[in-house]
Amino acid sequence: MKKDFLTLKDYSKEEIKYLLDLSGKIKKDKNSYSKVLEGKNIAMLFDKHSTRTRLSFEAGINQLGGNSIYLDSKNLQISRGETYQDTAKVLSKYIDGLVIRTYSQEIVNIFAKYGTIPVINGLTDIYHPCQILADMLTLKEMELLNKDLKFTYVGDSNNVTNSLIIGFSKLGIDITIGCPQKYSPPEEIIKYARNQKEGSKLNLVYDPVKAVSDADVVYTDVWLSMGDEKNKQKLTDLKSFQVNYKLLKYSKEEVKVMHCLPAHRGQEITSEVLDGKNSIVLQQAENRLHAQKALLVYLYAD
Ligand code: CP
C-alpha cells in the first residue's frame with residue numbers, strides 16, 4: 001500500500017526516530033541509496049514560492065537516481081477549473097510521486113485520497129512537516145533532542161509552529177510557545193499535543209521574556225506568512241517578540257537560534273542574531289536535503 005507524508009500526525013514516534021537516524025546516515029554518505037528512485041518521476045506541484053523546499057527536493061530526487069518535474073499550477077488545467085480529484089487520478093498514470101506546496105491542507109488530502117502515488121506535503125497553511133524533520137535532525141546532531149531540552153518558539157503561530165508542536169508531542173519533548181494570546185496556536189493543535197501518550201508539556205507563554213527564559217533553543221519564523229502579507233496590525237502586536245540579543249540575554253548563554261527561512265531581517269529577528277554565533281539556521285537549511293532524502297527512501301525503498 002502506498003504511504004503518504006501529509007502531516008506528522010500520521011507518523012509514530014518510532015517512524016520519526018527512524019527517519020532521523022536514516023537522515024543522519026544519508027548525510028554522512030551523499031551517494032548512499034543512489035538507485036532508490038531509478039526510473040521514477042516525482043512531480044513538484046507548487047502554488048507558492050519556494051527556494052529551500054523546491055531545490056532540496058529536486059537535488060535529493062536527483063541524488064537518489066530519480067527525475068523531478070516542476071509543475072506551476074498556473075499552467076495546469078487546475079487553474080481553469082479541472083478538479084483536484086481528476087488531476088490526482090490522471091497524474092497517477094504518469095508519475096510515481098507528488099510533492100505539493102499549496103494553501104489548503106484539504107487539497108493535499110484530496111491528492112492523497114484520489115491518487116495512487118505517494119503524496120508529500122511541501123507546506124500548506126496549517127502544516128510544514130518536511131521542515132520539522134530537518135529541524136529535529138539539526139537538534140539531534142547537536143545532542144539537544146532529548147527530554148531536558150528547553151525549546152521555545154516565539155512569534156506568530158503558523159504552519160511551522162503547528163508542525164513543531166505535533167512533532168515534539170510525538171517525541172515526548174516539552175515545547176514553549178511565546179506569543180501574544182491572540183496569536184496562539186489553534187485549539188485543535190493544542191488539544192492534540194496535550195492528548196499525546198508521551199505526556200510532554202505544551203506551554204503557552206504570553207510574555208516574551210518569560211518564554212525565552214533559560215531556553216536552550218529559541219526558534220522563530222516570519223510574522224506574516226505567505227497569503228497573510230497585508231496584516232500590518234500583527235507587526236505592531238509582535239514587536240516585543242523579536243529575537244534580538246536583548247531578548248536572548250534571558251536565555252542560556254549558549255542558546256541556539258533557529259529560523260526556517262526565509263527571514264525578514266529586522267522584523268522577527270535581527271541580522272545580528274541571524275548571522276551571529278548562536279545561529280544554526282544554515283545547518284537547518286542544509287538538513288532539509290538530508291531529511292527529505294530519508295523520507296523518500298522510506299517511502300520508496302522496498
Ligand atoms: N523553509 C522553507 O520552506 O523554505 P522555502 O519557502 O524557501 O521552501
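What you see is a predicted model, and the numbers here were worked out from it, not measured in a lab. All ligand and atom numbering here is 1-based and tracks the order in the structure.
- Between the OG1 atom in Thr124 and the CD1 atom in Ile107 there is a gap of 9.5 Å [rounded to 0.5 Å].
- More than 12 non-hydrogen atoms from other residues, nucleotides or ligands lie less than 6.0 angstrom from OH of Tyr298.
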One pair to check against side-chain contact (heavy atoms from CB on, under 4.5 Å): Lys256 and Asn278. What are the steps and the verdict? CA-CA 5 Å; Lys256 303 293 177 217; Asn278 303 84; 5.9 Å; no
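- Close contacts between ligand 1 and His128 involve ligand atoms 2 (C), 3 (O) [criterion: under 4.0 Å to a heavy atom].
- Per-residue contacts place Gln131 under 4.0 angstrom from the following atoms of ligand 1 (heavy atoms of the residue considered): 1 (N), 2 (C).
- From the protein, the heavy atom lying nearest to atom 6 (O) of ligand 1 is Arg101 NH1, 2.8 Å.
- In terms of heavy-atom proximity, Phe46 sits nearest to Thr53 at CZ-CG2, 4.0 Å.
- Closest to atom 1 (N) of ligand 1, if we only count protein heavy atoms, is Leu261 O, 2.8 Å.
- Within ligand 1, the atoms closer than 4.0 Å to a non-hydrogen atom of Thr51 are 5 (P), 7 (O), 8 (O), numbered from 1 in the order shown.
- Polar contact check, Pro262 against ligand 1: no nitrogen or oxygen pair lies under 3.5 Å apart.
- Regarding atom 4 (O) of ligand 1, its nearest protein heavy-atom neighbour is Arg52 NE, 2.9 Å.
- Of all atoms in ligand 1, listed by their number and element, those nearer than 4.0 Å to a heavy atom of Arg288 are 1 (N), 2 (C), 3 (O).
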Could you give me the CA-CA distance, side-chain angles and deciding distance for Leu45 and Arg101, then say whether side-chain contact (heavy atoms from CB on, under 4.5 Å) is met? CA-CA 6 Å; Leu45 175 55; Arg101 167 167 287 202; over 6 Å; no
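- Heavy-atom contacts from other residues, nucleotides or ligands closer than 6.0 Å to NZ of Lys27 number more than 12.
- For Leu123, no heavy-atom contact with ligand 1 is shorter than 4.0 Å.
- No more than 12 heavy-atom neighbours from other residues, nucleotides or ligands sit within 6.0 angstrom of NZ on Lys239.
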